Amino acid sequence: MHHIMEDKSVPFDQLDPRAFIIIKNAKVNNLKSLSVAIPRNKLVVVTGLSGSGKSSLAFDTLFAEGQRMYVESLSSYARQFLGRMEKPDVEYIKGVSPAIAIQQKVSTKNPRSTVGTTTEIYDYLKLLYSRIGRTISPISGNEVKHNTITDVVDFIHRFEEGEKVMISCPLLISTDRTIKKEIEILLQKGFSRVLINKEAFFVEDLINEDHFPEGDYDILIDRISVKHEDEDNQFRIADSVQTAFYEGHGSCHILVPGKADQTFNDRFELDGMTFEHPSVNFFSFNNPYGACKTCEGFGSVLGISPDLVIPDKSLSIYEGAIAPWRGESSKKWVEPLIKNGIQFDFPIHRAYEDLDQEHQDLIWKGNKYFKGLDEFFTHLQSKTHKIQYRVMLSRFRGRTTCPDCKGTRLRKDASYVKVDQKSIIDIVLMPIEQAYDHFLNITLTSSEEKVANRLLKEIINRLEYINKVGLGYLTLNRLTSTLSGGEYQRIKLATSLGSALVGSMYILDEPSIGLHPRDTDRLISVLKSLRDMGNTVIVVEHEEKIMKAADEIIDIGPDAGVHGGELVFQGNLDQLLEAGNSHTAKYLKGEEKINVKQGIRTWKDKITVKGARENNLKNLQVSFPLHALTVITGVSGSGKSTLIKKVLYPALGKILGTVIDETGKFDKLEGDYKQITQIEFVDQNPIGKSSRSNPVTYVKAYDAIRNLYAEQALSKQRNYKPAFFSFNVDGGRCEACQGEGTQKIEMQFMADIFLTCESCKGKRFKNEILDIKYHDKDISDVLDLTIDEALDFFRDKPAIINKLEPLGEVGLGYIGLGQSSNTLSGGEAQRVKLASYLGKNNNKSNDHILFIFDEPTTGLHFHDIKKLLHSINALIDQGHSVIIIEHNTEVIKSADWVIDLGPEGGDKGGYVTFEGTPKALKEIQDNHTARYLRESFLD
């Protein structure tokens, strides 16, 4: 084993923990007593085959220890809320810093979480707008102002010393009272004088009068002399002005006989409208005060979704385009339209998508000949006490953008508050790179500058980092739950950078996922700036460019699973190229290659999406070939995910009746989509959240294994059924832990502790079940095997092999049969799904599935991409079609057809820059993908 230390002369045990993070004999998962010294304040890349133990070292050992040490340092009261941290299985770790792990999982499904709130930029924006925002009237465009008590006191003090001043307010006479009554009430309130046409009268004298003079009545609140130096006098004036504002419902008169007669107003109004005073909650959509009243701050409302009502827009009304009117009982709604259509020139045989707007609206509104869809749904609403009507309604409900706040979630009047002519709503809807420019060049008055200086610094700082990690195309209003794993990870990275920690250990999980090679350069500069602040940056990564930028490379291998877990190499890139002989080194040197399949498939059938306009797509027309491998590429933010996830997938899925997601804006679907019988979106979401779900049950191989054990002679003798070998149902499983292998001990005031079950010693089954052996292994031993070991062990049992083989083919030979699904990474979960489709052997039936993969190379070493491509091509050979969203040049080279979107991200993206074969793509100039593809073809 080749192993380079920084300083050969110092033995491992005597290294200085101030210069290195030292891990001695780590045995977590498949690590084989691995010892490594990681230099501090450097950019370190941990690489190796998928399953070689990289994540076990970086996350399960290093991060877990950093976390645990932090939690141990807290008070016992705080610790009880944080769960008991397991000490990783390692002899010792010295020199650990506080650890921050940034993983790929989009952990939030919260419908209120946006990019702005996640990065904390929105908190600063709310403060900025509530402190220096100017309210502008939407009617006249003038600024709304009001007078404060200070304004009035300052006005009075402009007069000379000793000047007599009267402070009064209008007497408001309510409709149900006489003037006499009002004046009596004034006396009770303690006011002694009123002004009638600016002349003073005693209230007591007026009460005895029979009739009252005509004119303007004011309550005289106070008469004072101006004294500039007297503080008590100033307080008295302020008090009187406050009383005047209160009694006069916001109006106060100041009368200096012969010199001034001025009315002040503390109502926040203009052009006959009353406005709200800006406050932090006024701009908060997570607060009932600031949230849009219609959608309660969600940005979307639940309503009848036109897409679900008319799923296939290529059908005519006569052919049944309107889904809810297809049934036997609801046919009566569509019949009058079909019968009487001729009376009002309605083309019942024309496809819905070809109808003009007037006719489409008519179907919803109805007329005297037939009742429209609106009335139909109102009718259903009135019958919701019956279950069948509730079910019917729920089938056509979907989320639509809130009509009131246009999806910005804020109350309408929040948009009247402006800073430098832009409202907070304008800011959250513009791409972040534009917002960054806006704040850099913002013009403020000097007093505003003083208030906003610190806030602007924080806002600009954070926006700059989001730009730097290549996400300038997002808006602050974008929902976090709609981001891809890579985008979410880079948002977290930008947030960490914004808070500028020093002396920490950042552990990142493949931050280059979802990044076009062009954007990887920007990411590298961000990682370097994180390092230069004085942090140790440890990146688990397969991307060649990041390896080249690293100060130190740690290669773990030599292979995956049980054959991995050793330190194969440590040193810099030059040393790796010179002395390394691992898979990584061989690929970097070009000794091993990913073989591009011979020849390009020819195809004749295709699906075409016309007029795609969702997010930043610019009215695209794109064709996807069937029975071929199509790869969609383009820089980050160019619209790849939008085109596939928001337009193609839901549009096709609605025609097949399997997808209820909201479809993005597009005109129509054309081509041979009727051939497709099923659409599968193979994403990186976990395959099962339960601790009982595992790969062997997911690919349905466990049934065959249980049957095999039930067929053993001893089983038959004891009458054991296949179900006795399941740990999910009563029978053979250990009842003490119900087949979990661990027991939860609930601790009062402390986190629950999981202990190995004493009854079955973690084997999950009763002892008598474990008597049944097949080739000297009981059922519990089998669950501990890896896929590769199991393939060898069951080699003469085709029923089991056929199900397990696909898992080996997609490069998952190293995972355990009984390994809990929730311990699999996103890329692993995606490949387990792929294996389950391969195993179905669908070529026997006439199924034609369209598979969509989103970045399937996540977490894959070059060596494993080879296996993955082999598996994906196997799906096409079985008669299916595959579309992949991918940036990996190796995958692009293997495609039959490439669709490149661009030319940039965000507003500058959303065009089709190329459609054709990879060979043709590499010839074109001025294209980011082509440039990197040429470099890759040179290898």
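Note that these values count all heavy atoms, side chains included, but never hydrogens, waters or copies made by symmetry. Since this is a predicted model, take the numbers as computed values, not measurements. Index from 1, following the sequence.
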Which heavy-atom pair separates [X] from [Y] by the least distance, and what is that distance?
X      : Y      : answer
Pro856 : Glu886 : CD-OE1, 3.3 Å
Phe63  : Ile100 : CE1-C, 4.2 Å
Lys27  : Ser33  : CE-OG, 3.4 Å
Ser52  : Gly557 : CB-CA, 4.1 Å
Gly53  : Ile556 : O-CD1, 4.2 Å
Lys674 : Asp312 : NZ-OD2, 3.8 Å

Can you tell me how far [atom2] of [Y] sits from [atom1] of [X], rounded to the nearest 0.5 angstrom?
X      : Y      : atom1 : atom2 : answer
Leu850 : Ile679 : CG    : CD1   : 5.0 Å
Thr677 : His880 : OG1   : NE2   : 8.0 Å
Thr480 : Ile491 : OG1   : CD1   : 7.5 Å
Ile779 : Phe765 : CD1   : CZ    : 5.5 Å
Phe851 : Gln678 : CZ    : CD    : 7.0 Å
Leu807 : Thr786 : CG    : OG1   : 11.0 Å

For the backbone of [Y] and the side chain of [X], can you confirm whether one donor and one acceptor N or O come within less than 3.5 Å of each other?
X      : Y      : answer
Arg764 : Ser780 : no
Ser726 : Pro722 : no
Thr61  : Ser56  : yes
Asp847 : Ile849 : no
Lys32  : Gly564 : yes
Gln830 : Asp854 : yes
Ser715 : Tyr709 : yes
His542 : Gly48  : yes
Lys761 : Glu758 : yes
Tyr702 : Leu817 : no

Considering only heavy atoms from C-beta outward, does the side chain of [X] approach that of [Y] to under 4.5 Å?
X      : Y      : answer
Pro88  : Asp60  : no
Cys737 : Cys760 : yes
Thr47  : Glu541 : no
Phe681 : Val659 : no

Should we count [atom1] of [X] as having more than 12 external heavy atoms under 6.0 Å?
X      : atom1 : result
His870 : NE2   : no
Glu296 : CD    : no
Arg395 : CZ    : no

Query - side-chain contact (heavy atoms from CB on, under 4.5 Å) assessment of Asp730 paired with Gln738 - result: CA-CA 8 Å; Asp730 292 348; Gln738 301 203 319; 5.5 Å; no
Requested in this report: Step through it carefully: locate the ring centre of Phe793, locate the ring centre of Tyr774, and say whether they are under 6.0 Å apart.
Outcome: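 They qualify: ring centres under 6.0 Å apart.
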Query raised in the report: Got a sec, which residues hit salt bridge (charged side-chain N to carboxylate O under 4.0 Å, His left out) with Asp776, two or more places apart in sequence or on another chain?
Result: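 With sequence neighbours excluded, Asp776 shows a salt bridge (charged side-chain N to carboxylate O under 4.0 Å, His left out) to no residue whatsoever.
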Query raised in the report: So does Lys803 pair up with Glu805, basic N to acidic O under 4.0 Å?
Result: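 A salt bridge is absent here (no side-chain N lies under 4.0 Å from a carboxylate O).
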Query raised in the report: Can we say Glu65 and Arg68 salt-bridge, meaning some charged N sits less than 4.0 Å from an Asp/Glu carboxylate O?
Result: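 Salt bridge flag = yes for Arg68 with Glu65.
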Query raised in the report: Between His861 and His863, how do the two ring planes meet: parallel, tilted or perpendicular, split at 30° and 60°?
Result: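 Taking His863 first and then His861, their aromatic rings stand perpendicular (interplane angle over 60°).
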Requested in this report: For Leu714, enumerate each residue passing the side chain to side chain contact (heavy atoms under 4.5 Å, CB included) test, keeping only those at least two apart in sequence or located in another chain.
Outcome: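 With neighbours one apart ignored, the set is Gln717, Arg718, Asp771, Ile772.
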Report task. Kindly indicate, with the supporting measurements, whether the criterion side-chain hydrogen bond (donor to acceptor under 3.5 Å, both in side chains) is fulfilled by Asn719 and Lys721. Result -> CA-CA 6 Å; Asn719 200 12; Lys721 302 277 178 292; 2.8 Å; yes
Requested in this report: Could you please spell out the steps behind the side-chain contact (heavy atoms from CB on, under 4.5 Å) verdict for Ile872 and Leu868?
Outcome: CA-CA 6 Å; Ile872 287 178; Leu868 177 80; 4.0 Å; yes
**Report entry** Contact list for residues 691-715, test salt bridge (charged side-chain N to carboxylate O under 4.0 Å, His left out), sequence neighbours left out
**Finding:**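 For residues 691-715, and leaving out neighbouring residues, the salt bridge (charged side-chain N to carboxylate O under 4.0 Å, His left out) pairs sorted by first residue read Arg692-Glu740, Asp703-Arg706.
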Requested in this report: Mind running side-chain contact (heavy atoms from CB on, under 4.5 Å) on His775 and Phe794 for me, showing each step along the way?
Outcome: CA-CA 9 Å; His775 288 333; Phe794 292 117; over 6 Å; no
Query raised in the report: Can you check side-chain contact (heavy atoms from CB on, under 4.5 Å) on Ile676 and His848, steps first, answer last?
Result: CA-CA 5 Å; Ile676 295 171; His848 176 187; 4.1 Å; yes
**Report entry** Side-chain H-bond candidate by donor/acceptor type, Tyr814 with Glu828, under 3.5 Å
**Finding:**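 A donor-acceptor contact under 3.5 Å links the two side chains.
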